[in-house]
Peer 1: 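Sharing a structure, written as structure tokens. Questions coming.
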Amino acid sequence: MTAPAPKTRPTPLLVRALRREPVERKPVWFMRQAGRSLPEYRELRQGVPMLEMCRTPDLCAEVTLQPVRRHGVDAAIFFSDIVTPLEGIGIDVEIQPGVGPVIAEPIRTEADLERLRPLEPETDLPEISEAIRIITAELGDTPLIGFAGAPFTLASYLVEGRPSKSQEMARAMQLEHPGLFRNLLERLADIAVASLKAQVEAGVQAVQVFDSWAGSLSEQTYREAVLPVSQRLFAEIEELGVPRIHFAVNAGHLMEAMAESGCDAMGVDWRTPLSEARRRLGDGVALQGNLDPTVPLAGPEVLERKTRALLDDAPELGHVFNLGHGVLPSTDPGMLTELVGLVHELTEKEN
Ligand code: CP3
């Protein structure tokens, strides 16, 4: 029997940059690059609830590919949501337009925890793997990024029942019932690990773990209550062999602690200069970010000036260009296409 021919696809720019290897130009992609800034997305979404879209492989594949075709970004991010796996295990969750995830019956007691059963991706979410296979076949050499919500951020939705400014009910639960809070986070870490494993098996080449709302915690509480769980999550996905990005918003005070999770790259929001992130974290992790998402709203001259300034401040090795948080729905997509071209042009190595 002859052995199957080895896959000879080149290692994508994104993966090399995340591993802090030299690249011929910097990779660029945008959080929320698929979504309301694109008219072709708005057209497909008409009348289709967000989570239904996430469970329809053809639609999900199409919206994942739209920003790659339009902007020429160096990676696609799988179109889904951090609450999709919760829906997969039977939690009644809806994404309300302009609001975000709303949970019909919040999780607030030990008994409620039983509703958070382990995720079995093959039976609970077969549509995800199917969509990833369609997307990776279409993408060719462009990599697909998979993702999951980190335990604290998912817990904040489950405990509050809806988006909240400062996650006060979740933080109060951590103070009053630390054992319950820990059990909740551990179950959510298991769900994230199962989901990420299935995504990598289906073909994603990097993963991002969003702990978007961790910034509402003090460093001490983060270290005590969240970091040990995130460390276990990152350790359990290490064997998958793909680069692991960790991201939070408004969490400059947690940067060192979050990097101790064991991630390969830290997503930095626009409030912390990349040179400061590099100084504080050292060169053991790659950095991703961090143009202020309002810059593309401010016209081409500002866009070019701010992009040049960011690139001057960014490390040469181990940098993936991105916004500091998601694309704002009011962004003119033409500005994002221009931004991709600008980053490519300004970072292209001679020869
Ligand atoms: O392009 C991509 O980035 C991939 C798709 C993606 C979505 N959600 C699609 C989406 C990703 C990576 C997410 C992650 C996500 N979801 C996070 C972490 C990232 C972050 O922004 O910090 C969080 C906190 C959520 C929860 C959530 N889902 C929020 C806060 C919202 C926005 C509510 C609103 O309408 O403003 C959603 C809905 C959502 N998820 C949309 C999209 C494209 C908007 C749905 C629509 O078109 O109306």
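The first residue in the sequence is number 1, and the count goes up from there. All heavy atoms count here, side chains included; hydrogens, waters and symmetry mates do not. In listed order, ligands and their atoms are each counted from 1.
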Peer 1: Going by heavy-atom distance to atom 35 (O) of ligand 1, choose the closest among C60, G98, S37.
Peer 2: G98
Peer 1: Using distance alone, decide if ligand 1 has a nitrogen or oxygen within less than 3.5 Å of any nitrogen or oxygen in Y41.
Peer 2: yes
Peer 1: Determine whether the aromatic ring centres of residues H325 and F247 are separated by less than 6.0 angstrom.
Peer 2: yes
Peer 1: In terms of side-chain geometry, is the basic nitrogen of R108 or E160 positioned less than 4.0 Å from the acidic oxygen of its partner?
Peer 2: no
Peer 1: With atoms numbered from 1 as shown, which atoms in ligand 1 lie under 4.0 angstrom from a non-hydrogen atom of Q33?
Peer 2: 1 (O)
Peer 1: For F78 and F147, I'd like to know if the aromatic rings sit close, meaning centre-to-centre distance below 6.0 Å.
Peer 2: no
Peer 1: Just going by heavy-atom distances, which of R32, R45, Q96 is nearest to atom 45 (C) of ligand 1?
Peer 2: R45
Peer 1: Near F79, which atoms of ligand 1 are under 4.0 Å from a heavy atom of that residue?
Peer 2: 43 (C)
Peer 1: Counting heavy atoms only, which of G100, P101, S80, S212 comes nearest to atom 5 (C) of ligand 1?
Peer 2: S80
Peer 1: Heavy-atom contacts with I77 under 4.0 Å: which atoms of ligand 1 show up? List them by number with element.
Peer 2: 1 (O), 2 (C), 3 (O), 4 (C), 12 (C)
Peer 1: Is a side-chain donor or acceptor of N290 paired with a backbone partner of T272 at a separation under 3.5 angstrom?
Peer 2: yes
Peer 1: Any idea which of V99, L328, I145, D81 brings a heavy atom closest to atom 28 (N) of ligand 1?
Peer 2: D81
Peer 1: Out of the candidates R278, R20, K349, only one should pair with E316 under the salt bridge (Lys or Arg N to Asp or Glu O under 4.0 Å) rule; please name it.
Peer 2: K349
Peer 1: One thing to verify: whether K197 and E236 come together as a salt bridge, which I'm taking to mean a side-chain N less than 4.0 angstrom from a carboxylate O.
Peer 2: no
Peer 1: Within the structure, does R36 bring an N/O atom to less than 3.5 angstrom of an N/O atom in ligand 1?
Peer 2: yes
Peer 1: Which of the atoms in ligand 1, numbered in the order shown and given with their element, are less than 4.0 Å from a heavy-atom of F210?
Peer 2: 12 (C), 18 (C), 19 (C)
Peer 1: Using ring centroids (six-membered ring only for Trp), state whether F79 and Y41 fall under 6.0 Å.
Peer 2: yes
Peer 1: Taking only heavy atoms of M31, which atoms of ligand 1 are found under 4.0 Å from at least one of them?
Peer 2: 3 (O)
Peer 1: Would one find an N or O of Y157, backbone or side chain, under 3.5 Å from an N or O of ligand 1?
Peer 2: no
Peer 1: Please indicate whether any nitrogen or oxygen in M50 is less than 3.5 Å from any nitrogen or oxygen in ligand 1.
Peer 2: no
